[in-house]
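I have placed the structure first, in the form of structure tokens, so that the comments after it can refer back to it.
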Amino acid sequence: MKSYRIIPMALFAAFLIGLDQLTKFLVVTRMEEGESIPVLGKYLAITSHRNSGAAWGMLQGQMIFFYIITVVVLAILVYVYIREAKDNLLLQTAIVMLAAGSFGNFIDRILFQEVVDFVDVLLIFYDFPIFNVADSALTVGVVLMIVEFFFMGKGEKDAGN
């Protein structure tokens, strides 16, 4: 029997989206925009920031584009989940993280026409762009998908030949 793990994956998605929205709500309601609270000296801070674009501030203000792309991406993720992720916990987890991250930032774009970011990291000498929980879920989801496609799925494909 093929397993899609719908209930655990839905709960995981709800947890990620809830955590994303809760952390953003706390930043918006308890900090002034631009305010920064050091956590680990200069290397990690909570900094209230808004982004009306995509990663690294690209495509500022292109909300209609983001709405369309997000809906298309979410539809593709559902399709891939149904079509390819049967009995594959790693792929299901990756897809759910991608969907939850996309949806978390989509909520911000719909409600505020910008995304609330707050995790401010300095990696040695590189001041990494400020990000949020949804961005983290997207990043981890991409990494898991790369691991699945390039490392885990290899044996299954070879066995079928």
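Starting from 1, each residue takes its place in the sequence as its number.
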Check your understanding: Met9 and Leu89: which non-hydrogen atoms are nearest, and at how many Å?
Key -> CE-CD1, 3.4 Å
Point to revise | Same apolar cluster: Ile110 and Phe112, side chain cutoff 4.5 Å | key: yes
Check your understanding: Under 4.5 Å between any side-chain heavy atoms of Leu122 and Tyr126, yes or no?
Key -> no
Check your understanding: Heavy atoms, side chains only, cut-off 4.5 Å: are Val147 and Met152 in contact?
Key -> yes
Review point. Same cluster for Ile130 and Leu40 if Ile/Leu/Val/Met/Phe/Trp/Tyr side chains link at under 4.5 Å?
Key: no
**Study point:** Modelled atom types, side-chain donor and acceptor of Asn51 and Asn132, under 3.5 Å
**Key:** no
Review point. Distance-only, no hydrogens or angles: does the Asp120 side chain make a donor-acceptor pair with backbone N or O of Ala45 under 3.5 Å?
Key: no
Review point. Are Phe149 and Leu98 grouped together when hydrophobic residues (ILVMFWY) are joined by side-chain heavy atoms under 4.5 angstrom apart?
Key: yes
Practice item. Could you check if a side-chain atom of Ser48 sits within less than 4.5 angstrom of a side-chain atom of Val28, using non-hydrogen atoms only? Key: no
Check your understanding: Would you say Phe65 and Phe103 are hydrophobically clustered, going by side-chain heavy atoms of ILVMFWY under 4.5 Å?
Key -> yes
**Study point:** Taking every non-hydrogen atom, the tightest pair across Ser102 and Val73
**Key:** OG-CG1, 4.1 Å
**Study point:** Contact check, side chains of Leu91 and Ile95, non-hydrogen atoms, under 4.5 Å
**Key:** yes
Check your understanding: Do you know the tightest heavy-atom contact between Tyr67 and Phe106?
Key -> CA-CE1, 3.8 Å
Practice item. Work out which heavy atom in Ile124 is nearest to a heavy atom in Tyr43; give both atom names and the distance. Key: O-CE2, 4.2 Å
Exercise for review: Give the minimum heavy-atom separation between Ser36 and Pro38, together with the two atoms involved.
Suggested key: O-CD, 3.8 Å
Exercise for review: Report the distance from atom OG of Ser52 to atom CD of Gln113, rounding to the nearest 0.5 Å.
Suggested key: 10.0 Å
Review point. Do the non-hydrogen side-chain atoms of Val133 and Ile17 ever get within less than 4.5 Å of each other?
Key: no
Name the atoms and distances for all side-chain donor-acceptor pairs under 3.5 Å in residues 75-83, with sequence neighbours left out.
| residue | atom | partner | partner atom | Å |
| --- | --- | --- | --- | --- |
| Tyr81 | OH | Tyr4 | O | 2.2 |
| Tyr81 | OH | Gln92 | OE1 | 3.2 |

Check your understanding: If we only count heavy atoms from C-beta on, is the Asp117 to Val115 side-chain gap below 4.5 Å?
Key -> yes
Review point. Can you check whether Asn88 reaches Leu90 side chain to side chain, under 4.5 Å on heavy atoms?
Key: yes
Review point. Do Val140 and Phe15 share a hydrophobic cluster (ILVMFWY, side-chain heavy atoms under 4.5 Å, transitive)?
Key: yes
Exercise for review: Not counting sequence neighbours, list each pair that qualifies as a salt bridge (charged side-chain N to carboxylate O under 4.0 Å, His left out) and has a residue in residues 19-38.
Suggested key: Asp20-Lys24, Lys24-Asp108
Exercise for review: For Ile7, look at atom CD1 and say whether over 12 heavy atoms of other residues, nucleotides or ligands are found less than 6.0 Å away.
Suggested key: no
Exercise for review: Would you mind telling me which of Leu26, Ile37, Thr23, Thr47 makes a side-chain contact (heavy atoms from CB on, under 4.5 Å) with Phe118?
Suggested key: Thr23
Point to revise | Closest non-hydrogen atom pair between Ala94 and Leu144, with its separation | key: CB-CB, 3.7 Å
Review point. Can you find a pair of side-chain heavy atoms, one from Asn105 and one from Asp135, that are under 4.5 Å apart?
Key: yes
Point to revise | Parallel, tilted or perpendicular, as decided by the 30° and 60° cut-offs, for the rings of Phe128 and Phe131 | key: perpendicular
